[in-house]
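Let me begin by presenting the structure, written as structure tokens, before commenting on it.
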Amino acid sequence: MADYSYSRKVEASFEEALQRAKAELAEEGFGVLMEIDVRETLKAKLGVDFPKYVILGACNPSNAHRSLQLEREIGLLLPCNLIVYEHEGKTHVAMLKPTAALGIVGNAALDGLAREVEERLKRALDQV
């Protein structure tokens, strides 16, 4: 596991894990703003096969608003990215740690918010 991410294997099919991830994000107050099917995109654009892999862009409007008030260009790091993918026959879920992503900004006022968001996202992934 990389320092910038939180990842875990789940005992569920890819499709079930994807639906559960969306449901658990909603439970934690996050909406999914975008969903990118990487497998489908690579097939359509490059004609290559790739395992099932979806990127979810999740956002909690209150937290996004707070972060934008603290750092105007923070939108470059939003929304929070999570992935659901298959690797070697197993389903995985992972997220970019907000503490790592927002840490590059160098604005100490964002630290507490990043920890709060990270805890909520981790809780959601732990329930998938």
Side-chain angles (χ1 to χ4, degrees):
M1 185 175 350
D3 288 342
Y4 61 86
S5 68
Y6 173 74
S7 177
R8 59 186 291 272
K9 266 189 273 191
V10 296
E11 296 298 323
S13 69
F14 172 84
E15 291 75 14
E16 183 182 351
L18 182 58
Q19 293 311 311
R20 285 174 36 194
K22 292 176 193 178
E24 293 301 333
L25 285 168
E27 284 292 318
E28 289 292 336
F30 293 87
V32 175
L33 298 177
M34 66 174 189
E35 181 173 334
I36 301 168
D37 186 328
V38 174
R39 178 185 193 178
E40 183 179 287
T41 301
L42 292 176
K43 187 66 168 177
K45 301 290 183 183
L46 301 176
V48 298
D49 291 321
F50 195 79
K52 294 176 183 176
Y53 194 111
V54 169
I55 302 169
L56 299 174
C59 180
N60 175 290
S62 297
N63 290 336
H65 182 242
R66 285 172 51 199
S67 65
L68 286 163
Q69 289 177 311
L70 295 170
E71 186 74 39
R72 186 58 57 176
E73 293 188 6
I74 203 72
L76 294 167
L77 299 172
L78 300 178
C80 297
N81 282 325
L82 298 95
I83 55 177
V84 180
Y85 65 97
E86 282 186 341
H87 181 68
E88 297 179 349
K90 302 289 183 187
T91 304
H92 300 257
V93 293
M95 68 178 209
L96 175 63
K97 291 181 180 177
T99 53
L102 299 183
I104 67 170
V105 175
N107 182 337
L110 289 168
D111 293 347
L113 178 58
R115 281 190 302 275
E116 177 187 327
V117 170
E118 188 167 308
E119 287 171 12
R120 292 170 72 190
L121 291 172
K122 185 178 179 294
R123 261 195 317 266
L125 287 188
D126 284 342
Q127 295 303 310
V128 174

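Residue numbers run from 1 in the order of the sequence given. What you are looking at is a predicted structure, and each value in this text was computed from that prediction instead of being measured.
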Are Leu125 and Glu24 side-chain neighbours, meaning at least one heavy-atom pair lies under 4.5 Å?
no

Quick one, Val93 and Leu18 - any side-chain contact, counting heavy atoms below 4.5 Å?
no

Connected via hydrophobic side-chain network under 4.5 Å: Ile55 and Val48
yes

Do Leu77 and Leu102 come close enough that some side-chain heavy atom pair is under 4.5 Å?
yes

Nearest 0.5 Å, what's the CG-CD1 distance between Asn107 and Ile104?
12.5 Å

Return the minimal non-hydrogen interatomic distance between Val10 and Ala17, and the atom names on each side.
CG2-CB, 3.9 Å

If every non-hydrogen atom of Ala21 is compared with every non-hydrogen atom of Val84, which pair is closest and at what distance?
CB-CG2, 4.2 Å

Find out if a path of hydrophobic residues (ILVMFWY) with successive side-chain heavy-atom gaps under 4.5 Å connects Leu96 to Tyr53.
no

Within a reach of under 6.0 Å around CD of Glu11, are more than 12 heavy atoms found that belong to other residues, nucleotides or ligands?
no

Between Ile83 and Tyr6, is there a shared hydrophobic cluster once you connect ILVMFWY residues whose side-chain heavy atoms come closer than 4.5 Å?
no

Gap between atom SG of Cys80 and atom CG of Leu33 - 0.5 Å precision
9.5 Å

State, to 0.1 Å, how close Ser67 and Ala64 come at their nearest heavy-atom pair, and which atoms those are.
OG-O, 2.9 Å

If I take atom CG from residue Leu82 and atom CZ from residue Phe30, how far apart are they, to the nearest 0.5 angstrom?
8.5 Å

Please determine whether residues Leu25 and Ile36 belong to a single hydrophobic cluster, defined as Ile, Leu, Val, Met, Phe, Trp and Tyr linked transitively by side-chain heavy-atom distances below 4.5 Å.
no

Salt bridge (charged side-chain N to carboxylate O under 4.0 Å, His left out) assessment of Arg39 paired with Glu86
CA-CA 11 Å; Arg39 178 185 193 178; Glu86 282 186 341; 5.5 Å; no

With hydrophobic residues grouped by side-chain heavy-atom distances under 4.5 Å, do Val38 and Phe14 end up in a single group?
no

OG of Ser5 to CE of Met95: how many Å apart, nearest 0.5 Å?
8.5 Å

As an exercise, state the distance from CG of Asp37 to NZ of Lys43, rounded to the nearest 0.5 Å.
12.5 Å

Glu15 with Lys52: basic N within carboxylate O range, under 4.0 Å
yes

Do the non-hydrogen side-chain atoms of Thr41 and Phe50 ever get within less than 4.5 Å of each other?
no

ring-ring contact (aromatic ring centres under 6.0 Å, His included): pairs with one or both residues in residues 87-107, sequence neighbours excluded
Tyr85-His92

Pro79 and Gly57 have their tightest heavy-atom pair at CG-CA, 3.7 Å

Please walk me through it: do Asn60 and Val117 pass side chain to side chain contact (heavy atoms under 4.5 Å, CB included)?
CA-CA 9 Å; Asn60 175 290; Val117 170; over 6 Å; no

Name of the residue among Glu27, Glu28, Glu116 meeting salt bridge (charged side-chain N to carboxylate O under 4.0 Å, His left out) with Arg123:
Glu28

Out of Arg115, Glu118, Glu119, which residue meets the side-chain hydrogen bond (donor to acceptor under 3.5 Å, both in side chains) rule with Thr99?
Glu118

What pair of heavy atoms forms the shortest contact from Leu68 to Gly75, and how long is it?
CD2-N, 4.0 Å

Does the side chain to side chain contact (heavy atoms under 4.5 Å, CB included) test come out yes or no for Ile74 and Arg66, once each step is laid out?
CA-CA 10 Å; Ile74 203 72; Arg66 285 172 51 199; over 6 Å; no

Those residues at least two apart in sequence (or on a different chain) that pass salt bridge (charged side-chain N to carboxylate O under 4.0 Å, His left out) with Glu16 are Arg20

Once rounded to the nearest 0.5 Å, what's the spacing between atom CG of Asp126 and atom NZ of Lys122?
4.0 Å

